[in-house]
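Notes for the one structure printed next.
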Amino acid sequence: MHLLSILPTILVGFAPLANAFPAAILDAAASDPGILKRAEEIAKLLEKRQAGADAATALFEPANTFNAQAQYVNVSAGSGHEYKAPGPNDLRGPCPGLNAFANHNFLPHNGYASVTQYIDATTKVVGMGPLLAIFLSALGGAIDGDILNWSMGGTPSLAQGGVTGVLGNGLIGSHNKYEGDASPTRPDLYQAGNNYETVTSQFQEMIDYSPGGEVTLDSLTSFRSHRFDTQIAQNPRFFNGPFSGVLVQPAAYTFIYRFMANHSAEFPAGKLTYDVVQSWFGVQGTNKNYNAVQGTERIPENWYRRAIEYPYDTDYFLADAVNAAVLHPKFLSIGGNTGTTNSFAGVDVKDLTGGVYNSASLLQGNNLACFVYQLSAQAKPDAVLGVLDRLTNAVGSIIGALGCPQLQAIDQAQLQKFPGYSQKPVYG
Ligand code: HEM
Ligand SMILES: *[C@@H]1O[C@H](CO)[C@@H](O)[C@H](O)[C@H]1NC(C)=O
Ligand SMILES: *[C@@H]1O[C@H](CO)[C@@H](O)[C@H](O)[C@H]1NC(C)=O
Ligand SMILES: CC(=O)N[C@H]1CO[C@H](CO)[C@@H](O)[C@@H]1O
């Protein structure tokens, strides 16, 4: 039973999203026989899934839907959401989506926002599904901030962070917890000394992997495979973490197409031209002469978000992540280089999880989803118990619905031999 699969259907018209907590949604879904039947149908379809990075599109966006008025995101002069470049004290970081939101006043311009603000902005501006939005936003608060608020860049100043005194180190300081290696356009922390600046040559490579004027989910998946191999070949401390690698890395690639593509009646599932992706990434110039200007991520004028009926929620995202892993099984190899280039060694998932999962079973049923959610809850083992309620609730409800096997803890010792894991980051 894949209950999460049908949530987007029942969530149409559900408002306000910020108050939509998973437990309530799941209870409603679980008691409706029609919905259970639909969940079974979707589970069967998923089993028959064809290889192909975008195989999930037909499944999760079954009808061609486009509503110009509802999907238009007005960022023109006078809209209140016109572009404004960040000033020297504004926080920006490794996430182009969040940077752009702050540049357009969909999030506070200083880059420090509350969990609720992140949930609102991601669901409204780009159509992230509520479960994914709650999960990612609450996790940001747990890992990077003071639970309620967190920075999309580095450590906030006291003036930005207010009175709590616990500010967190933001997304920039979340290496191996949230932020990880082999990102699309950002460098690896221990190779380049920063993990957030857009590297022009990596952006150019993404375009080169996407011939025909368009960036697609397939082209992004091939590009990801290339980035993965490149970092193994170039970064002696490359590390593919259990959460940052297995869950966040696919998001960094699929979000580009799923959230940045422009939508129209002709292309209801989205079309991502070079100029649109260029704007979102804050890149100037033209193909072969690009120039990334840090912090200038911008939502294009005349841009239409994904269909209201088809939010990109956890089930859709996980189907994309699994499809990518079916094409490139290495994406699920947890481990890293051992201090020299091309020395990648994987850990045995069985050892890591005390035998609860193994690498073959990760691709079966809901196991991959169970695994990453369970790991996310451990991302901050040093946090005071009890203060993580919001995250624990979000994760707990999702795991409950998936029927996950019990995972008590992961064996961190398995990861210590990788310098990219054991090295303490400069910040964070
Ligand atoms: C609360 C929601 C979100 C959180 C917590 C979040 C967090 C992150 C983090 C930690 C990274 C770094 C991952 C890495 O090391 O590769 C990242 C990268 C990225 N994010 Fe987000 N993000 C969120 C929403 C979004 C949205 C709405 C979009 C699209 C509009 C987006 C697009 C991206 C992309 C494309 C990257 C990869 C950047 C690159 O390396 O080229 N994210 N995000
Ligand atoms: C966008 O906002 C501007 C400023 O408020 C307004 O003049 C314009 O009509 C809006 N565009 C659309 C298509 O609603
Ligand atoms: C989005 O698509 C519509 C319809 O084709 C088009 O008019 C609009 O200019 C496109 N927007 C961008 C930013 O390319
Ligand atoms: C400094 C700051 O923005 N603090 C906020 C943290 O989040 C809570 C809950 O949303 C807000 O009330 C605070 O203003």
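All ligand and atom numbering here is 1-based and tracks the order in the structure. Throughout, residue positions are numbered sequentially from 1 according to the sequence presented.
Every atom of ligand 1 is numbered from 1 in the order shown, and the set under 4.0 Å from a heavy atom of S137 is 1 (C). Within ligand 1, the atoms closer than 4.0 Å to a non-hydrogen atom of Y178 are 5 (C), 10 (C), numbered from 1 in the order shown. Close contacts between ligand 2 and S76 involve ligand atoms 1 (C), 2 (O), 3 (C) [criterion: under 4.0 Å to a heavy atom]. The atoms of ligand 4 that sit less than 4.0 Å from any heavy atom of S114 are 7 (O), 10 (O).
Given atom 13 (C) of ligand 2, the protein heavy atom at minimum distance is Y72 CE2, 3.4 Å. The nearest protein atom to atom 5 (O) of ligand 2, hydrogens excluded, is given as G78 O, 3.4 Å; this is a heavy-atom distance. With hydrogens left out, the protein atom closest to atom 17 (C) of ligand 1 is C95 CB, 3.7 Å, a heavy atom. Considering only non-hydrogen protein atoms, atom 29 (C) of ligand 1 sits nearest to F259 CB, 3.6 Å. From the protein, the heavy atom lying nearest to atom 3 (C) of ligand 2 is N74 ND2, 3.6 Å.
Note: no N/O pair closer than 3.5 Å links D181 and ligand 1 by distance alone. In terms of polar-atom proximity, defined here as any N/O pair under 3.5 Å, T185 does make such a contact with ligand 1. For ligand 1, the polar-atom distance check against G180 finds a nitrogen or oxygen pair separated by under 3.5 Å.
In summary, the aromatic rings of Y118 and F101 are positioned with their centroids too far apart to meet the 6.0 Å limit. Aromatic pair F228/F238: ring centres closer than 6.0 Å.
Of the options N149, N110, D146, V115, the smallest heavy-atom separation from atom 8 (C) of ligand 4 is shown by N149. Among W280, F255, F281, the residue whose heavy atom lies closest to atom 26 (C) of ligand 1 is F255.
Under the 3.5 Å distance criterion, with hydrogens and angles disregarded, no donor-acceptor pair is assigned to the side chains of Y196 and E179. No donor-acceptor contact under 3.5 angstrom links the side chains of N110 and Q160, judged on distance only. Under the 3.5 Å distance criterion, with hydrogens and angles disregarded, no donor-acceptor pair is assigned to the side chains of D54 and Y257. Judged by distance alone, the side chains of R258 and T57 do bring a donor and an acceptor atom under 3.5 Å apart.
By the 6.0 Å contact criterion, NZ on K330 is enclosed, its count of non-hydrogen atoms from other residues, nucleotides or ligands being greater than 12.
Residue contacts with ligand 2: G80 is excluded, as none of its non-hydrogen atoms falls under 4.0 Å. Residue contact check for ligand 1: F106 places no non-hydrogen atom closer than 4.0 Å to it.
A donor-acceptor pair under 3.5 Å is formed between the side chain of W150 and the backbone N or O of S137. At least one donor-acceptor pair under 3.5 Å links the side chain of S183 to the backbone N or O of G180. Counting only distance, with no hydrogens or angles, the side chain of D181 and the backbone of F239 share a donor-acceptor pair below 3.5 Å. With hydrogens and angles disregarded, no donor-acceptor distance shorter than 3.5 Å links the side chain of S361 to the backbone of Y357.
When heavy-atom distances to ligand 1 are checked against a 4.0 Å cut-off, F135 has no atom that comes that close, whether in backbone or side chain. By the criterion of a heavy-atom distance under 4.0 Å, the side chain of L98, and not its backbone, is placed next to ligand 1.
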